[in-house]
Amino acid sequence: MTDTIQHHESDSFLEEVRNEPGGESVFRCVECGICTSGCPVFSVQSGYNPRKIIRMIHLGMRKSVLESAFLWWCASCLTCQERCPQGVRISDIVVALRNIAARNDLIPDPYRIQEKRIAEQGRIYEIDEFDNRKRSKVGLPEILCSNEEVRRLFEVTSGESP
Amino acid sequence: MKYAVFLGCTIPARARNYEMSAMRVAERLGIEFTHINDFACCGFPVRSTKQAFADALAARNLGIAESQGLDICVLCSACSAVLAEVNHAMKTDPARNSVINHHLEAIGRSYHGTVSVRHLTRILFEDIGIETIRKHLKFDLTALFVAPHYGCHYLKPSDAHGAFDDPEHPSSIGELIRATGASAVDLDRKHCCGGAVLAVNNDITYRLAAQKLESATHHGSDCMCVICPFCSVIYDDNQKPIEQHLSREFDLPVLYLTQLIGLAMGFDPKELGLNMNKVKAARILEKIESRSHHES
């Protein structure tokens, strides 16, 4: 019965989410379910249910939310957020939850790798000499990647080094 | 009409066909692109793990365009959403603005909120207009039935983009397709390609993408039309894996809107990078050619 509600893993989870950038609107939910009814991910994988995630936050189910796999299944399509009659910015709340999870070292590997590449190279895919030769063959301009500023921004925004 | 063109990460590495066709079509229509080598990632991929870093990356790009006195034309829908969202926040949220500018100070940059950010499709629709585009066309693509794919971030978040098209019932891409003479198979407009989940759960992505491929083929489309490199990575690059994963067959060509318009303008398919599309578009070319021979 892993799906049943485990009360009060954290009394302050709702406040924690509210205080995270993007999470401010979480208290406005009236559980109407418009988010889930229009969610494209839910239509193919019922394990991702935005209405349930919001309710779990209200019930203080911190560990169950932050350690879940479903937290990373949102496709960021913004459908729920556009339709919510209460102005709950659900996609932004998912981003807020992921940021809290990330600070607790709960990041799926693909996100970890992506972040490292961007911090180090300034972009996900490095454009090397070979790519630039292919580009010039079809009349596209050379792309030079300078990444010093991006590395520095990573440091000042996160307090970590890339 | 001069813009700083923002390519993002995916286009120069994985979508040269989009870039080539966009450059040629834009040039033909009198849109002048300035390439800025200082542009880096838009911030979208790191929003989930480091919001402050994502905000700073977006604002850095905006600040670079601002320092050169240029507005931004974006080719990737995800980049357009993040840049527009941060741009909107810089104008409406003083607290977030001051945090972001504080971070930019560390690299000697700033952003004051004077740049406009729009997707190329939107510029074609709003500024160039259907009538002007029609005047530049040599071939009528009447024979083609094209399923437009709006995706998500071209229209949303709607408060950041402004209400240039209805996010629930959009029409701009359909109208641009119809400008070429082709028919827009416009029945299922609200689809997400699922691209953002591909790396963590490809079953979700493949099932989502199959819904659109299924609907487009069911309604007799000759091809799909996309405006975002990641939608193309899913529907075109991943169409074979999707077919294998779900034991289905679609064999549906996926063209960028700029490739479609470029064909109607009379560009050689190679100049539009059509040979780089994964699902071969030969049938479409045959259909266009047989029609134009018929007319002449």
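Convention: sequence-line order gives letters A, B, ...; per-chain numbering from 1.
In this structure, A:Leu153 and B:Arg109 have side chains that are not in contact, with every pair of non-hydrogen atoms separated by 4.5 Å or more. Residues A:Ile118 and B:Phe53 meet the side-chain proximity criterion, which asks for heavy atoms closer than 4.5 Å. Here the side chains of A:Tyr111 and B:Pro45 are not in contact, with every heavy-atom distance at 4.5 Å or above. Residues B:Thr49 and A:Arg98 fail the side-chain proximity criterion, which asks for heavy atoms closer than 4.5 Å. Put simply, the side chain of B:His191 does not reach to within 4.5 Å of the side chain of A:Cys77, judged on heavy atoms. Residues A:Glu149 and B:Leu57 have side chains not in contact (no heavy-atom distance under 4.5 Å, counting atoms from C-beta outward).
Only the side chain of B:Asn201 has a heavy atom closer than 4.5 Å to any heavy atom of chain A. Looking at B:Met20, both its backbone and its side chain come within 4.5 Å of chain A, counting heavy atoms on both sides. In this structure, the portion of B:His153 lying under 4.5 Å from any heavy atom of chain A is its side chain and not its backbone. If you measure heavy-atom distances from A:Leu78 to chain B, the contacts under 4.5 Å come from both the backbone and the side chain. Interface residue A:Pro40: backbone and side-chain heavy atoms are both found under 4.5 Å from chain B. For A:Pro141, the part lying under 4.5 angstrom from a heavy atom of chain B is the side chain only. At a 4.5 Å heavy-atom cutoff, the contact between B:Arg14 and chain A is made by side-chain atoms alone. Looking at A:Glu115, the atoms closer than 4.5 Å to chain B (heavy atoms on both sides) sit in the backbone and in the side chain alike. The part of A:Glu20 that comes within reach of chain B is its side chain, from C-beta onward, which places non-hydrogen atoms under 4.5 angstrom from that chain. Both the backbone and the side chain of A:Thr79 come within less than 4.5 Å of a heavy atom of chain B. With a threshold of 4.5 angstrom between heavy atoms, A:Arg89 approaches chain B through side-chain atoms but not through N, CA, C or O. Looking at A:Gln45, the atoms closer than 4.5 Å to chain B (heavy atoms on both sides) all sit in the side chain, from C-beta outward.
Comparing B:Ala81, B:Ala40, B:Pro12, B:Ala199 by how many heavy-atom pairs each has under 4.5 Å with chain A, the most go to B:Pro12. The choice from B:Ala52, B:Ser48, B:Cys9 that makes the most heavy-atom pairs within less than 4.5 Å of chain A is B:Ser48. When the candidates A:Asn99, A:Val44, A:Thr157, A:Leu97 are compared by the number of heavy-atom contacts under 4.5 Å with chain B, A:Asn99 comes out ahead. The greatest number of non-hydrogen atom pairs below 4.5 Å with chain A, out of B:Thr10, B:Ile204, B:Leu7, is found for B:Ile204. Between chain A and the residues B:Asp159, B:Leu198, B:Thr205, the largest count of heavy-atom pairs under 4.5 Å involves B:Asp159. Ranked by non-hydrogen atom pairs under 4.5 Å with chain B, the options A:Ala75, A:Pro108, A:Gly139 are led by A:Ala75. For the set A:Ile124, A:Leu140, A:Val150, the entry with the most heavy-atom pairs within less than 4.5 Å of chain B is A:Leu140. Chain B forms the most heavy-atom pairs under 4.5 Å with one residue out of A:Gln114, A:Glu126, A:Arg135, and that residue is A:Arg135. Most heavy-atom pairs under 4.5 Å with chain B, from the set A:Lys134, A:Glu142, A:Gln81, A:Glu148: that is A:Lys134.
Residues B:Pro157 and A:Glu82 share a closest heavy-atom pair of CA-OE2, 3.3 Å.
Looking only at atom types and distance, the side chain of A:Ser43 has a donor-acceptor partner in the side chain of B:Gln211 under 3.5 Å away.
Atom CZ of residue A:Arg151 and atom CD1 of residue B:Ile107 lie 14.0 Å apart, to the nearest 0.5 angstrom. Expressed to the nearest 0.5 Å, how far CZ of B:Arg47 lies from OG of A:Ser91 amounts to 8.0 Å.
Salt-bridge check for B:Lys50 with A:Glu160: passed, with a basic side-chain N closer than 4.0 Å to an acidic carboxylate O.
The 12-atom threshold is exceeded at NE2 of B:His35, counting heavy atoms of other residues, nucleotides or ligands nearer than 6.0 Å. For B:Glu27, the CD atom is loosely surrounded, since the number of other residues' heavy atoms within 6.0 Å does not exceed 12.
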